[in-house]
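Since the model is a prediction, treat every value here as computed from it, not as a measurement.
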Amino acid sequence: MVLLLNLLFVSLNTAVSALFLCLLALIKLILPFTAAQRAITRISNGVMWVWATLNHKMLNLTSSVEWDVQGGESLSKEGWYLLICNHLSWTDIVVVFSVFRNRIPMAKFFLKQELLYVPFLGVACWAVDMPFMKRYSRQYLLKHPHKRGRDLVTTRKSCERFRQTPTTVVNFVEGTRFTPEKHRQTRSPFTHLLAPKTGGIAYTLGAMGDQFDAIINVTVAYPENRVLPFKALLSGKMKKIVVRIDSLPVDAQVTGDYFNDKDFKRDFQQWLYQRWQEKDSELSAIYGEGVHQYADSSRESNAA
């Protein structure tokens, strides 16, 4: 009953919010003036804040979840941030919006340019100024070498609006959700994490690095509900959510030409690998167990 109630509420909340955002997007098209578009962006961010807040209150109302959040005291809603996080479940997105909605500007995700043309979704994302990126494949660049670097220039142009509006860009660095199967298949060197993908975060820093005040390194964990956390959250069975927040400087270690400077690329990969080692140790301290026990419990759950 609780699962059905939460699903219905979250779906209705999302649909109504998307409708408002689409209407705001239409107004944005009709009034292509800088002042008007900034005002519409603020209103759109307000719609996102209401969406996140209602979801947060509803899920707290239907469950007795304990929130264990540490760090992030120096963050501000007037800042510019790149937020990186481990990725275990769809719950991570709900957690990011819930924890940070009153701490930093509303979270935005880099989206593939093709999503701009998806009905409703693309319009809603455009209304809240989600940055769209255009990436050329390696094969395409081999055939069209004159296009090299053009994708980064295009993305930088799409991010120009953020110079006037405080922004948070979110990057799930592992590129996909963690599962024991993916952990084994990719031969991850970590216990609780998949290996980080450096290209995505380097691309984001290359496009917007000079705009960020800090990198927010977030670790999310569900100590009592690791197997199916999203179902546990919607069913009112989520017991505890742990969030650790660490602010990292945007300095010479993370700003450089990742795609053309081999020395910087190597150093950046080492920097990110070290952050993931620290995150893995932090998760070990939270869980107090290895991934093998989790893998066993996951197989038991699937068998049931």
Side-chain angles (χ1 to χ4, degrees), residues 1-21 46-72 83 85-104 106-107 109 121 124 168 170 172 174 176-183 192-194 218-245 279 282-291 293-304:
M1 182 63 182
V2 174
L3 175 62
L4 182 61
L5 179 64
N6 277 330
L7 275 174
L8 181 63
F9 179 84
V10 171
S11 298
L12 182 61
N13 186 25
T14 301
V16 171
S17 298
L19 177 60
F20 273 110
L21 291 174
V47 172
M48 288 293 294
W49 181 88
V50 171
W51 171 82
T53 300
L54 289 177
N55 284 340
H56 178 75
K57 290 186 179 298
M58 183 64 182
L59 294 171
N60 274 345
L61 183 66
T62 55
S63 66
S64 56
V65 60
E66 174 191 350
W67 290 83
D68 178 4
V69 182
Q70 297 180 20
L83 189 153
C85 185
N86 60 304
H87 196 17
L88 181 64
S89 159
W90 290 110
T91 314
D92 306 335
I93 298 174
V94 177
V95 169
V96 167
F97 276 107
S98 294
V99 170
F100 291 99
R101 72 191 191 284
N102 293 321
R103 295 171 180 248
I104 57 178
M106 290 305 296
F109 300 82
L121 174 64
T168 301
V170 179
F172 290 110
E174 292 157 295
T176 184
R177 288 171 290 163
F178 177 97
T179 67
E181 290 75 20
K182 292 175 185 176
H183 183 269
H192 306 284
L193 301 165
L194 301 179
V218 178
T219 302
V220 175
Y222 314 100
E224 308 298 328
N225 303 92
R226 298 173 62 188
V227 178
L228 296 171
F230 195 53
K231 182 179 180 181
L233 184 66
L234 292 177
S235 302
K237 297 179 181 179
M238 178 67 72
K239 297 180 180 179
K240 185 176 183 178
I241 296 175
V242 177
V243 181
R244 298 291 180 262
I245 307 166
K279 190 182 295 289
E282 194 166 41
L283 285 169
S284 292
I286 293 169
Y287 290 135
E289 61 185 33
V291 73
Q293 183 174 339
Y294 170 44
D296 292 340
S297 65
S298 179
R299 285 195 292 271
E300 290 171 5
S301 174
N302 292 334

Is there a donor-acceptor pair under 3.5 Å between the side chain of [X] and the backbone N or O of [Y]?
X	Y	result
Asn225	Lys239	yes
Asn60	Val65	no
Thr91	Phe230	yes
Asn13	Trp51	yes

Output the distance between atom [atom1] ([X]) and atom [atom2] ([Y]), rounded to the nearest 0.5 Å.
X	Y	atom1	atom2	result
Leu194	Leu88	CG	CG	9.5 Å
Lys279	Glu174	NZ	CD	8.5 Å
Asn6	Met1	CG	CE	10.5 Å
Ser98	Leu59	OG	CG	7.0 Å
His183	Leu193	NE2	CG	8.0 Å
Asn55	Arg101	CG	CZ	10.0 Å

Applying side-chain hydrogen bond (donor to acceptor under 3.5 Å, both in side chains) to Ser89 and Arg177, what does each step give before you reach the verdict?
CA-CA 6 Å; Ser89 159; Arg177 288 171 290 163; 6.0 Å; no
Heavy-atom closest pair, residues [X] and [Y]:
X	Y	value
Leu54	Phe9	O-CE2, 3.5 Å
Leu83	Val96	CD1-CG1, 4.4 Å
Tyr287	Pro223	CE2-CA, 3.7 Å
Arg103	Gly71	NH1-O, 3.2 Å
Ser17	Val47	O-CG1, 3.9 Å
Asn86	Asp92	O-OD2, 3.9 Å

Minimum side-chain heavy-atom gap [X]-[Y] below 4.5 Å:
X	Y	result
His192	Arg226	yes
Thr219	Cys85	no
Thr53	Phe97	no
Val220	Val242	no

Over 12 foreign heavy atoms within 6.0 Å of CZ, Phe20:
no
Testing Val69, Thr168, Ile245 one by one against Phe100 for a side-chain contact (heavy atoms from CB on, under 4.5 Å), which residue passes?
Ile245
Set out, in order, the CA-CA distance, both residues' side-chain angles and the distance that settles side chain to side chain contact (heavy atoms under 4.5 Å, CB included) for Lys240 and Tyr222, then state yes or no.
CA-CA 6 Å; Lys240 185 176 183 178; Tyr222 314 100; over 6 Å; no
Intermediate values then yes/no, side-chain hydrogen bond (donor to acceptor under 3.5 Å, both in side chains), His87 and Thr176
CA-CA 7 Å; His87 196 17; Thr176 184; over 6 Å; no
Residue pair Asp68, Arg244: steps toward the salt bridge (Lys or Arg N to Asp or Glu O under 4.0 Å) verdict
CA-CA 8 Å; Asp68 178 4; Arg244 298 291 180 262; 3.0 Å; yes
Quick one: sort the Trp67 and His56 rings into parallel, tilted or perpendicular, breaks at 30° and 60°.
tilted
